[in-house]
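Worksheet for the structure shown next.
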Number of protein chains: 2
Amino acid sequence: MSEREATAHVTLEVVARSAGVSQATASRVLNGTARVREDLRQRVVAAADLLGYIPNAHAQALASASSRLVGVICHDVADPYFAAIAGGVMRAAAEHDLLMMLASTFRDPAREIAYVSALRAQQARAILLISSGFQDRAWERAMNTELEPYLRGGGRVAVVSRHRTLRVDTVLPENRAGGAALARAMLGLGHRDFAVLSGPRALTTVSDRLGGFRDALAEAGVELSPDQVVEGAFTRDGGYDACAELLQRGLRATCVFAITDVMAIGALAALRDQGLRVPADVSLAGFDDIPIVRDLSPPLTTVALPLAEMGQAVMALALREPRGRRSRVTRFGGEVVLRASTGPP
Amino acid sequence: MSEREATAHVTLEVVARSAGVSQATASRVLNGTARVREDLRQRVVAAADLLGYIPNAHAQALASASSRLVGVICHDVADPYFAAIAGGVMRAAAEHDLLMMLASTFRDPAREIAYVSALRAQQARAILLISSGFQDRAWERAMNTELEPYLRGGGRVAVVSRHRTLRVDTVLPENRAGGAALARAMLGLGHRDFAVLSGPRALTTVSDRLGGFRDALAEAGVELSPDQVVEGAFTRDGGYDACAELLQRGLRATCVFAITDVMAIGALAALRDQGLRVPADVSLAGFDDIPIVRDLSPPLTTVALPLAEMGQAVMALALREPRGRRSRVTRFGGEVVLRASTGPP
DNA sequence: GCGCATTCTGAAAGCGCTTTCTGATACCGT
DNA sequence: ACGGTATCAGAAAGCGCTTTCAGAATGCGC
């Protein structure tokens, strides 16, 4: 049989030859990097079009030492919090004609480091860390070891949420202030007995929210009893389990603060399963204002974060020319949105 | 001032020189592609480690004509349906040590084509189309024009949801059968008057679900009145608006079928805003079983799709060696999950 | 101890592009 | 008509890696 191997791969050389010009000229035409005589230009464009030429991004990146890739690392794409932020990043990426590489760490710090390394290998133009900051010396050291040479090599890094040692541009959710504002709002409703469904201690997000909440209570002379603070995973089921545990210990609070909305969703289910009415028997509040919570019933009181906007902002931060050695911090959110899940005790 | 430009970029050449071996040997050591004398091996590893060597993925891809990138195209990462599938894909990608590039088309067919082209340029090892198939000649032609040379060049393509002309491996949600099963379940509850909140006609997902639903009703001698079918956008607000429109037209149905769960969430809000109780006044059902709907109140009756599993499956399909010219189809879901949002009329 | 098979290493040729650098051509003033 | 200056096209040198190919070193049998 005759070899009917498909047409060889269409490279710039093929296009140039077919148009009767040099590769240099073809490259200039296709990138618009220099003036080229009109008739040659048209021949190149026509040839490229006819042959269905698609440039090899790897060769381009290698030759020009730049790429159109932006890396995003989050804990879990499927989580509404990260999905919403990633949506904002995606929007910004589309506007800047960039491609987004998205990685989920599944909350494994080691995996996070590995992905940073992989993104470095891919010559990502920027790395966005949406995963919350860990408070762990070893992790911090490893992360800095990755990031420092990357930054020195011209890479851009921006993060969402506070990192203790990373000196990079930051989109900072008002975790502490938001926690405090929520506490004051609940105090204002008349609550004096609180419980908290907390998350993994290792995350700054958790300590900030909880710290702000606790401090604001303390200012009002209200103390948060340790046995009314339950730690759970940052998931719907984590919230459910933590709340169930709380109920088992004996709920003495009139208001429960779930440290994320996702956990609050689980908590709501747990409360309902125990026959407790929200907010008649107990008030429930969350944090993040992920899109779904306004559609729960009752709609959830929460601390609002403009997630999509934060995603766009972190991208913008990463793209902006770094000025000086100071890292920029953009703060977002922190406003309490009162909905029907909370009421007077 | 002395030039204290940071250390030059660490390339394989630098590592090799520092270890006193050739680039070839260094490459072989670092990739484990051939036996190398133990002492040399150790010197290379030590040098690479000390210098913090990170291979340039572009150079690797260019030289070896292969990459570790997988492209995923969906309509909107922030949408729970796509987020859940993307989560499954991400899991599979992590298992295979692949990097995932995720793009949102924001439901723009032209943008979808553009992303396929971009992924081709990136030499993506596989392209996964999670965006639902459009029923549009021009789009189909453009998509085939992109995909055909890609496949011929050894690229892998797999899609979720039915595509009319794309002959590629497919993960097929049981849209038609699911729609039919739901209809039968609702008939079983005693409903005879139905309304549908439908989505963009251009999507096969819509026509399949609606078709299955309508056919099953017809089999039972029940007709779906055209004025009780409202088309809306595939979003929460699209569902809300469509439902509001339906109510304005005059709701004659005892059971409303929202063609996606996301739309059902909006519909639930619209019904509640009009003072209608679900399911006492009207039953409401959705499709997809996105994670949140079981936590609504009332929990939503829906047609279940194992979204994360589908994501893993589509990745697996793309990775499996293509055998023959036949495209493989894996079907998923279609089971009705009865929850409290539906009841007897 | 010699020849041959067997490992293992290094030199060098690309992969497909961008970008300098050089040379050719066209255009200007006088 | 001629030298000088802009413009524009092409040759060629990489970018950082993998991989062939050939050669060096080692081991073996006899």
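By convention in this document, chain letters (A, B, ...) are assigned in the order of the sequence lines, proteins followed by strands, and residues within each chain are numbered from 1. Computed from a predicted structure; not experimentally measured.
Contacts of residues 35-46 of chain B with DNA chain C (heavy atom under 4.0 Å): B/Arg35, B/Val36, B/Arg37, B/Leu40. Within residues 47-65 of chain B, the residues approached by DNA chain C to less than 4.0 Å at the level of any non-hydrogen atom are B/Leu62, B/Ala63, in residue-number order. DNA chain C lies under 4.0 Å from at least one heavy atom of each of the following residues of residues 16-30 of chain A: A/Gln23, A/Ala24, A/Ser27, A/Arg28.
Paired with B/Leu129 under the rule side chain to side chain contact (heavy atoms under 4.5 Å, CB included), one option of B/Val116, B/Val168, B/Thr105 passes, and it is B/Val116.
Put simply, OG on B/Ser161 and CG on B/Leu203 are 8.0 Å apart, with the number rounded to the nearest 0.5 Å. Atom CD1 of B/Ile130 and atom OG of B/Ser104 lie 11.5 Å apart (nearest 0.5 Å).
In terms of heavy-atom proximity, A/Pro149 sits nearest to A/Arg120 at CB-NH1, 3.7 Å. For B/Arg107 against B/Asp76, the heavy-atom pair with the smallest separation is NH1-CB, 4.1 Å.
Under the salt bridge (Lys or Arg N to Asp or Glu O under 4.0 Å) criterion, A/Asp39 pairs with A/Arg37, sequence neighbours left out. B/Thr330 meets the side-chain hydrogen bond (donor to acceptor under 3.5 Å, both in side chains) test with no other residue; sequence neighbours excluded. Listed by chain and residue number, B/Glu140 satisfy the salt bridge (Lys or Arg N to Asp or Glu O under 4.0 Å) test with B/Arg164 (two or more places apart in sequence, or in another chain). With sequence neighbours excluded, the residues forming a side-chain hydrogen bond (donor to acceptor under 3.5 Å, both in side chains) with B/Arg41 are B/Glu38, listed by chain and number. Contacts of B/Arg91 classified as salt bridge (Lys or Arg N to Asp or Glu O under 4.0 Å), with partners at least two apart in sequence or in another chain: none. Among residues two or more places apart in sequence or in another chain, the side-chain hydrogen bond (donor to acceptor under 3.5 Å, both in side chains) test is passed with B/Asp169 by B/Arg328. Judged as a ring-ring contact (aromatic ring centres under 6.0 Å, His included), and not counting sequence neighbours, the contacts of B/His75 are B/Phe82, B/Phe134.
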Inset, instruction - Check the pair A/Leu166 / A/Val157 against side chain to side chain contact (heavy atoms under 4.5 Å, CB included), numbers first and verdict last. - result: CA-CA 10 Å; A/Leu166 265 39; A/Val157 176; over 6 Å; no
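Protein chain A contacts DNA chain C over a range whose 5' and 3' limits, counting nucleotides with an atom under 4.0 angstrom from a non-hydrogen atom, are C/dG16 to C/dT20.
Note on the helix from C/dG1-D/dC30 to C/dT30-D/dA1: angle between the axes of the first and last five pairs equals 30°, rounded to 10 degrees.
Side-chain contact check for B/Glu112 and B/Ser131: at least one donor-acceptor pair (N or O, by modelled atom type) lies under 3.5 Å.
Side chain of A/Arg156 to backbone of A/Leu319: a donor-acceptor contact under 3.5 angstrom is found.
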